[in-house]
Structure formats: C-alpha cells, structure tokens
2 protein chains.
Amino acid sequence: MSFASKGMAATAQDEAYRAILQDIRSGRYQPGERLIPETIARELAMSRMPVREAFQRLANEGLVLIRPNRGCIVSGLTIEEIYELFEIRSVLEGLAVRLAMPRFDAAALAELDDHVARMHRAGAAGGADWLSRHQEFHAYICGFSRHPKLIAQIAALHIAVEPYMRVWLHHVAQPAYATERQDEVVEAIRTGDAEHAEAVMRDHVLRTAPRLAEFLRKRGQAVGASSALPASTQP
Amino acid sequence: MSFASKGMAATAQDEAYRAILQDIRSGRYQPGERLIPETIARELAMSRMPVREAFQRLANEGLVLIRPNRGCIVSGLTIEEIYELFEIRSVLEGLAVRLAMPRFDAAALAELDDHVARMHRAGAAGGADWLSRHQEFHAYICGFSRHPKLIAQIAALHIAVEPYMRVWLHHVAQPAYATERQDEVVEAIRTGDAEHAEAVMRDHVLRTAPRLAEFLRKRGQAVGASSALPASTQP
DNA sequence: CTTTGTATGAGTGTATCCACTATTACAAAG
DNA sequence: CTTTGTAATAGTGGATACACTCATACAAAG
C-alpha cells in the first residue's frame with residue numbers, strides 16, 4: 001500500500017495523508033520536525049481531525065512518531081536503522097523476484113530493458129528523478145510476484161529511506177554504479193533461475209546501504225527518534 | 001509490533017486498540033464482521049473518536065479493512081493470502097536468526113531449550129496455549145537480532161494469522177510435528193552456522209502453511225475482503 | 001408477482017468545543 | 001550568575017454535535 005495509484009477516495013483524511021506523505025518524502029518536513037495539526041489543517045482547509053487520523057496512518061508506517069501528549073514529529077532514522085531497513089528490503093525483494101520468476105515472459109523482459117534504459121537516461125541527466133525511475137524499476141519487478149502485501153511492504157521500505165536517498169543523490173548526482181548493477185538483476189532474471197535471481201537481487205539491494213551510510217555519517221545527518229514501522233505505533 | 005509488552009500508555013485510544021486487537025486475535029470478532037464504533041465505544045466507556053483512531057492503526061496492520069463511508073470490517077484472509085504471509089514471515093525470520101547468530105551464548109541456548117520444553121508440555125496438555133508458547137519461542141529467537149523493526153514486522157505477521165491458527169489448533173489439538181521441528185531450529189542455531197540456521201528457519205516457518213491451508217480448505221473457511229498489511233506500512 | 005422509485009433510519013466523516021498536560025518564560029531565592 | 005519555583009500559553013486527547021452517505025424497507029406502478 002502506498003504510493004502507487006490508489007482508487008481515489010476523495011475523503012479529507014486521505015487528502016491529508018497524501019499531502020503530508022508527499023511533504024515527508026520530498027524533504028519539506030525534515031526528520032525531527034514537529035507537525036502541528038492546527039497548522040496543517042489550516043493549510044489544507046480542513047479541521048484538525050482528519051489530519052490527526054492521517055498522523056496515525058503515518059505513524060503505523062513508521063514515517064512519523066507520536067508520543068502521547070507530546071505531539072507528532074517526523075521520525076528520523078539512525079544509520080543503524082537505515083541498515084536494518086535495507087536488510088529487510090533485501091530479503092523481501094529477493095523473495096519477490098523468486099516468486100515472480102515464473103511470470104516473466106518475453107514482453108516483460110523487453111519492458112524491463114526499457115526501464116533500465118530510462119534509468120540510464122535519468123542517471124545521466126541528473127540524480128533528481130533517477131530515484132523515481134529506480135523505484136519504478138523495482139516496483140515493476142516486484143509487481144510480477146502478484147503478492148499485494150509483499151509489494152506494499154517493499155514500497156513502504158522504499159519510502160522510509162527516500163528522504164535520505166534524496167539528499168544523498170542531490171549531492172553525488174551520479175548513481176551510475178547502481179545502474180550498472182541493475183543490468184545484473186535483469187540478466188539474472190533472464191537466466192530463469194529463481195534461486196540465482198533471488199541472490200542477485202539481495203546483493204543488489206544491500207549494495208546501496210554502505211554507500212548511503214558513509215555519506216550520512218560524514219554529513220553527521222541522521223538523527224531523530226526511531227519509529228515503529230508497520231507494525232504499530234507509539235513506543 | 002504489537003502484543004509484547006508495551007510501555008503502558010494509558011491513553012484511551014491505546015486502550016481501544018488493545019481491546020479490539022485482543023478480540024480479533026481471540027476470534028471474538030470473526031473475519032468479515034462489521035465493527036461499529038458506537039457499540040465498541042459504549043462497551044469501553046469512551047467516545048467514538050479513540051475507537052476510530054484505533055481502527056486506523058488496525059487497518060494499517062492489515063487486521064481490519066476500512067472502506068470509505070462503509071465502515072470497518074475484520075479482514076479475512078484467503079488461503080492464497082495466508083500462504084503469502086507465511087512466505088514473507090519465512091524470509092523475515094530467516095533474516096532474524098541470521099542476524100541474531102553472533103549473539104547466542106550458552107545462557108541463551110539453555111533458555112531456548114527451556115522454551116522448547118515448555119512447548120512440549122503445552123502441546124501435550126492441549127493446543128490452546130501451545131500457540132502462545134510457540135509465538136514466544138519465535139519472539140525469543142528474533143529478539144536476539146536486536147532489530148526492532150524486523151521484530152515488529154514478524155510479530156505483526158504472527159498476529160495476522162493467529163485467528164486461523166487458533167481454530168486449526170482447536171480442532172487438531174496436536175501440533176506435535178511442529179514441536180519436533182522446533183528442535184531442528186535450536187540444533188541449527190547450536191551449530192553456529194548463520195546461513196544454515198537461516199535456511200532451517202525458513203523451512204520451519206513454511207512447513208506450517210500447507211497443513212493450515214489444507215485444513216481451512218476442507219472447512220471452507222477463509223473468506224472476507226483482503227487487507228493492506230503493514231507495509232505497513234503505507235498507503 | 002416483479003420491478004422500480006422513494007423515504008426513513010443507521011452509520012460514517014468532519015467540525016467545533018472543552019479539559020488537561022506539557023513546555024516555556026519569567027521571577028524570586030540562593 | 002545559577003538554580004528553583006511558578007504562572008502563562010500552546011497544544012493534545014477526547015467528547016459532542018452536525019451534515020451527508022449508504023442501505024434497507026416499503027409502496028406504487030408495470
């Protein structure tokens with residue numbers, strides 16, 4: 001569940017949710033920043049209530065932290081937590097490709113090559129929307145698993161680290177290394193060996209973690225209270 | 001995340017959350033059943049608001065499904081979805097043991113044997129609280145990974161299938177096969193080989209799925225709308 | 001007897017209001 | 001100048017109130 005198209009709910013709460021999510025992903029709301037319902041409500045021309053319920057959803061997704069009587073803050077991740085999320089995502093995406101393997105046909109492989117090509121172009125142009133292409137690439141692959149909950153979890157993990165990826169890419173601008181590795185993944189899928197594809201995907205996902213971590217460490221970034229991801233809410 | 005002790009928040013919303021969660025896990029609220037805020041609020045001597053926010057949390061954990069303007073129903077799982085959850089849990093718990101391996105010392109191993117012994121006793125007595133012992137066993141192992149988000153996700157997955165496990169165990173009463181396999185897991189941990197332990201844990205988790213599925217199929221159980229799980233997380 | 005339209009009621013989503021908690025700023029005492 | 005107590009204010013959690021949606025039952029028309 002997450003970003004990909006959702007069936008248009010038109011409810012105010014949903015609007016609030018999407019707006020806040022967007023602002024967290026984009027980095028407008030920084031980790032540690034306090035979110036005041038009153039303010040956001042006015043901004044979106046609605047009352048505090050739908051905003052509060054949106055906070056709940058965001059909290060369950062680990063993007064925000066709600067301490068009783070102390071309000072809602074954008075949850076920052078420590079470097080250890082970022083590592084943890086990459087570890088989790090690596091096994092989940094590994095599982096996803098493995099389960100997806102029987103469903104890849106010639107058309108799908110062609111489409112995959114297309115995605116990679118688009119990433120190359122985006123990467124050359126500048127890292128800004130390379131991130132979106134990269135997420136689409138992964139989403140496309142995982143989509144073939146046809147396991148909605150698995151797909152949703154993976155999407156959530158992408159989103160959780162997105163703000164950090166964004167600042168990183170903003171500074172390095174050249175994620176060429178990753179694009180190369182992408183080819184490896186496609187190649188592994190082409191072999192038709194599910195176990196192999198799983199292993200390659202795992203490696204591929206994990207390879208990003210140390211680079212991002214090193215960047216953040218140098219930058220002294222990554223502070224803020226931890227969260228509670230999917231599972232639930234407040235500590 | 002979820003059941004294990006939580007730091008006592010004393011807020012009404014939290015109380016509602018725990019109460020409803022409990023009633024879903026225990027099977028008091030059946031899949032497909034509609035949850036009416038008004039009713040539950042009266043039952044817990046509070047207003048509808050905290051109940052609604054509790055619904056949000058439960059929805060993000062996939063235990064409940066909220067359709068706009070149509071209320072909140074306990075989300076049932078199809079057999080395919082149950083399989084999916086076992087697949088996901090297998091890789092996550094596999095990851096958890098692998099990461100936990102360096103932390104198992106003699107004391108931990110002794111404690112593990114203790115857990116298994118308790119499960120044997122509980123299994124002999126009757127399947128009722130064997131389920132609790134089994135969850136504790138897994139939670140204990142995963143706990144050593146020291147990765148809170150990973151642990152929380154795994155716990156959420158245990159909870160999601162709990163109602164189904166419960167009716168199953170109520171009918172078969174003898175999960176002896178599983179208890180034997182438990183020993184294999186402990187044995188694998190004892191070897192100190194992380195990769196091996198991961199593989200064994202994966203097998204162990206997956207082994208339950210087909211048995212549970214077969215039971216449910218015969219019983220014609222498992223209907224109800226799907227959910228959106230943890231992805232937690234997200235949308 | 002079937003179909004279609006309408007009305008009534010239950011239930012949901014949002015807004016407003018109130019009580020209480022936490023936090024900040026400030027003042028008095030050391 | 002530091003520390004500690006206290007008051008004021010901002011903000012949260014919860015309750016109540018209201019408008020709108022959906023569903024059901026019933027009635028009229030075919």
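Because the structure is predicted, anything quoted here is derived from the model rather than measured.
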Legend entry - Atom-to-atom span, CD1 of A:I40 to C1' of D:dG11 - whole angstrom: 13 Å

Inset, instruction - Please check if the side chain of B:Y164 supplies one atom and the backbone of B:L77 the other of a donor-acceptor pair under 3.5 Å. - result: yes

Inset, instruction - Report the distance from atom CZ of A:R67 to atom P of D:dT12, rounded to the nearest whole Å. - result: 11 Å

Legend entry - Sub-4.5 Å side-chain heavy-atom contact between A:D23 and A:I40: no

Legend entry - Protein-nucleotide distance (A:I73, atom CD1; D:dG11, atom C1'), rounded to Å: 15 Å

Legend entry - Leading and trailing nucleotides of DNA chain C with any atom under 4.0 Å from heavy atoms of chain B: C:dG11 to C:dT14

Legend entry - ring pair (Phe, Tyr, Trp, His ring centres under 6.0 Å) contacts in which one or both residues fall within residues 69-104 of chain B, not counting sequence neighbours: B:F104-B:F144

Inset, instruction - Could you tell me whether A:R57 and A:E61 make a salt bridge, using a distance below 4.0 angstrom between a side-chain N and a carboxylate O? - result: no

Donor-acceptor pairs under 3.5 angstrom involving side-chain atoms of residues 87-97 of chain B: please list them, not counting sequence neighbours.
residue	atom	partner	partner atom	Å
B:R89	NH1	B:E93	OE2	2.6
B:R89	NH1	B:H158	NE2	3.1
B:S90	OG	B:E87	O	2.6
B:E93	OE1	B:H138	ND1	2.6
B:E93	OE2	B:H138	ND1	3.3
B:E93	OE2	B:H158	NE2	2.9

Legend entry - Heavy-atom side-chain contact between B:I20 and B:V51 under 4.5 Å: yes

Legend entry - Distance test, side-chain N/O of A:R34 to OP1/OP2 of D:dT12, below 4.0 Å: yes

Inset, instruction - Calculate the interatomic distance between A:Q13 atom CD and D:dC20 atom C1'; express it in whole Å. - result: 17 Å

Inset, instruction - Could you check how far CZ of B:R52 sits from C1' of D:dG13, rounded to whole Å? - result: 15 Å

Inset, instruction - Mark yes or no for whether A:E136, through its side chain, and A:H115, through its backbone, hold a donor-acceptor pair below 3.5 Å. - result: no

Inset, instruction - Would you mind reporting whether B:W168 and B:R211 have side-chain heavy atoms less than 4.5 Å apart? - result: yes

Legend entry - Check: B:L150 and B:C142 side chains under 4.5 Å, non-hydrogen atoms: no

Inset, instruction - Tell me which residues in residues 42-50 of chain A put a heavy atom below 4.0 Å from DNA chain C, sorted by number, or none. - result: A:M46, A:S47, A:R48, A:M49, A:P50

Legend entry - Student check: side-chain heavy atoms of B:M165 and B:Q135 closer than 4.5 Å: no

Inset, instruction - Send over the distance from A:I66 CD1 to D:dG11 C1', rounded to a whole Å. - result: 14 Å

Inset, instruction - Starting at the 5' end of DNA chain C, write a dot or bracket for each base, bracketing those in Watson-Crick or G-U wobble pairs whose two distances are under 3.5 Å and using | for partners on another strand. - result: ||||||||||||||||||||||||||||||

Legend entry - Under the ring-ring contact (aromatic ring centres under 6.0 Å, His included) test, residues paired with A:H147 that sit two or more places apart: none

Legend entry - Distance in angstrom units between A:E53 CD and D:dG14 C1', rounded: 13 Å

